[in-house]
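See below for the structure under consideration.
Note: hydrogens, waters and symmetry copies are ignored here, and every other heavy atom, side chains too, is used. For this chain, numbers begin at 1 and follow the sequence in order.
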Amino acid sequence: MARRLLRILLILLLVPPLMATVMGWMVAPSFLHPVRRPLTPDLIREADASFAHVRARREDFLVTAPDGAELRGWKVRPQEPNGSWVLLFHGVADNRVGAIGQSEILLRAGYSVVMMDQRAHGESGGSMATYGWLERNDTRAVVDALAASEHPAHIFALGESMGAGIALQSAGVDPRIEAVVAEAPFASLREASYDYAGLQEYALLGKTLFAPGAWMMLYRGGKLAGFPAAGVSPENAVAARKFPVLLICDEADTTLPCRHAKRIYAAARGPKSLWMVPGAFHTAALGFAPEEFRRRVLDFFHNPSPSP
């Protein structure tokens with residue numbers, strides 16, 4: 001009887017990690033190739049209606065990344081620009097129109113905005129998404145082109161989810177990005193993989209029984225893409241360079257729970273603030289608290305480095 005119980009116990013302990021490892025191997029290619037959300041005529045009309053409502057005008061913006069990928073997006077100017085520009089970063093499997101709500105707030109306040117499709121998203125080129133590893137260089141190319149054509153007084157960044165992670169990593173290596181608003185960022189790809197291994201509900205399982213699946217996904221993904229997936233880390237980026245950050249975490253978020261934003265907040269060396277939005281799910285702060293979102297973001301960009 002004791003041996004039988006021991007065998008059952010071993011099966012219960014060994015089968016989940018083995019199954020998780022197999023699943024990690026199988027799903028590794030999919031996180032490098034997220035589903036593209038095409039920039040349809042309907043989405044363009046929706047964006048143009050939003051811009052017309054705030055009396056802004058857009059123009060196409062084409063930038064070539066260092067590896068030759070063509071990055072496509074828009075430069076959008078308000079009727080009375082204040083000289084500052086904000087780079088907007090959308091989430092995974094989305095495109096530039098995903099940041100249209102944030103753009104309205106900024107354009108009304110006089111900020112010009114850059115809305116790019118990230119590599120392997122929307123209309124931009126690039127064979128795969130790397131969640132900041134290559135995108136940092138993409139952002140540098142965008143800033144180069146923006147600085148040459150517009151001579152901005154200040155450059156800021158605002159992103160959500162994947163875009164928040166890219167914005168933080170971009171600012172970590174480019175001092176021309178003066179401050180970042182990041183909603184629902186991931187602390188690192190390794191940390192985010194635990195949430196995915198735990199089915200975005202049971203992070204503890206993702207860090208324990210199912211952890212081999214997370215490790216395998218990152219290992220194989222990194223091998224397929226040729227970059228150290230486990231080294232993709234907004235948490236490390238804010239520790240590497242002092243720059244102001246406003247971190248927004250949605251308290252009901254199960255995709256990238258608040259522990260990610262809290263880890264980044266703890267690691268940040270520059271001026272920092274953390275806003276926890278009650279009841280909001282993933283990237284829903286604007287919908288749950290629109291007036292407070294507008295106030296906090298505009299106050300932050302107006303004075304990202306307040307005096308102590």
Side-chain angles (χ1 to χ4, degrees), residues 16-17 19-24 26-35 37 89-95 98-99 101-102 118 121 129 131-132 158-169 180-218 221 229-230 232-235 238 245-268 273-290 292-293 296-297:
M19 291 180 62
T21 301
V22 172
M23 289 301 298
M26 293 174 61
V27 304
S30 65
F31 91 89
L32 298 171
H33 302 282
V35 175
R37 184 189 184 196
F89 295 80
H90 62 75
V92 69
D94 204 349
N95 61 38
Q102 294 88 336
Q118 295 302 306
H121 288 77
Y131 300 87
L158 185 155
E160 61 179 25
S161 193
M162 177 193 76
I166 293 172
L168 291 167
Q169 292 173 87
V180 176
V181 174
E183 180 181 359
F186 60 95
S188 66
L189 273 188
R190 179 180 295 279
E191 194 67 24
S193 71
Y194 294 137
D195 293 290
Y196 281 83
L199 307 177
Q200 297 185 345
E201 289 286 347
Y202 312 105
L204 182 60
L205 279 179
K207 289 188 172 188
T208 53
L209 278 180
F210 297 161
W215 302 334
M216 179 57 74
M217 182 179 71
L218 291 181
V232 174
S233 175
E235 183 179 6
V238 299
V245 293
L246 167 58
L247 297 162
I248 302 172
C249 89
D250 308 303
E251 286 194 339
D253 189 349
T254 58
T255 303
L256 292 170
C258 281
R259 82 171 188 283
H260 289 270
K262 290 176 180 178
R263 287 179 63 124
I264 295 170
Y265 179 83
S273 55
L274 173 63
W275 175 34
M276 302 177 66
V277 187
F281 48 85
H282 188 59
T283 70
L286 178 57
F288 273 73
E292 188 170 3
F293 186 97
R296 285 179 180 265
V297 168

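- Pairing each heavy atom of Ala192 with each of Leu256, the nearest pair is CB-CD2, 3.9 Å.
- We find the CG-OG distance between Leu247 and Ser273 to be 7.0 Å, quoted to the nearest 0.5 Å.
- Taking both residues in full, the closest heavy atoms of Gly163 and Phe89 are given as O-CB, 3.3 Å, listed atom of the first, atom of the second, then distance.
- For Ala164, the side-chain contact (heavy atoms from CB on, under 4.5 Å) partners two or more places apart in sequence, or in a different chain, are Ala182, Pro185.
- Looking at residues two or more places apart in sequence or on another chain, you find a salt bridge (Lys or Arg N to Asp or Glu O under 4.0 Å) between Asp94 and Arg37.
- Here the straight-line distance linking atom CG of Leu158 with atom CD1 of Ile248 works out to 7.0 Å at 0.5 Å rounding.
- Taking CG of Leu189 as the reference point, atom OH of Tyr194 lies at 12.0 Å (rounded to 0.5 Å).
- Partners of Arg263 under the side-chain hydrogen bond (donor to acceptor under 3.5 Å, both in side chains) rule, at least two apart in sequence or in another chain, are Glu191, Glu235.
- Looking at every heavy atom in both residues, Pro34 comes nearest to Ala93 through CB-N, 4.3 Å.
- A pairwise comparison of heavy atoms in Gly165 and Phe186 identifies CA-CE2, 3.8 Å as the closest pair.
- Remark: Thr283 pairs with Glu160, Ser161, Glu183, Ala184 by the side-chain contact (heavy atoms from CB on, under 4.5 Å) rule, at least two apart or across chains.
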Exercise for the section: Test side-chain contact (heavy atoms from CB on, under 4.5 Å) on Phe293 and Gln102 and set out the steps. Expected result: CA-CA 9 Å; Phe293 186 97; Gln102 294 88 336; 4.1 Å; yes
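- Considering only residues two or more places apart in sequence or on other chains, Asp253 meets the side-chain hydrogen bond (donor to acceptor under 3.5 Å, both in side chains) condition with His282.
- Atom-to-atom distance recorded for Ile264:CD1 and Ser233:OG is 7.5 Å, nearest 0.5 angstrom.
- By the side-chain hydrogen bond (donor to acceptor under 3.5 Å, both in side chains) test, His121 is found to be paired with no residue, residues two or more places apart in sequence or in another chain being considered.
- Not counting sequence neighbours, Glu251 has no partner by the salt bridge (Lys or Arg N to Asp or Glu O under 4.0 Å) test.
- Note: Tyr131 OH to Gln118 CD = 11.5 Å, rounded to the nearest 0.5 Å.
- Contact of the His260 side chain with the Asp195 side chain is registered, since non-hydrogen atoms from C-beta on lie closer than 4.5 Å.
- Evaluation of the side-chain contact (heavy atoms from CB on, under 4.5 Å) rule for Phe288 yields Val277, Ala280, Phe281, Ala284 as partners, not counting sequence neighbours.
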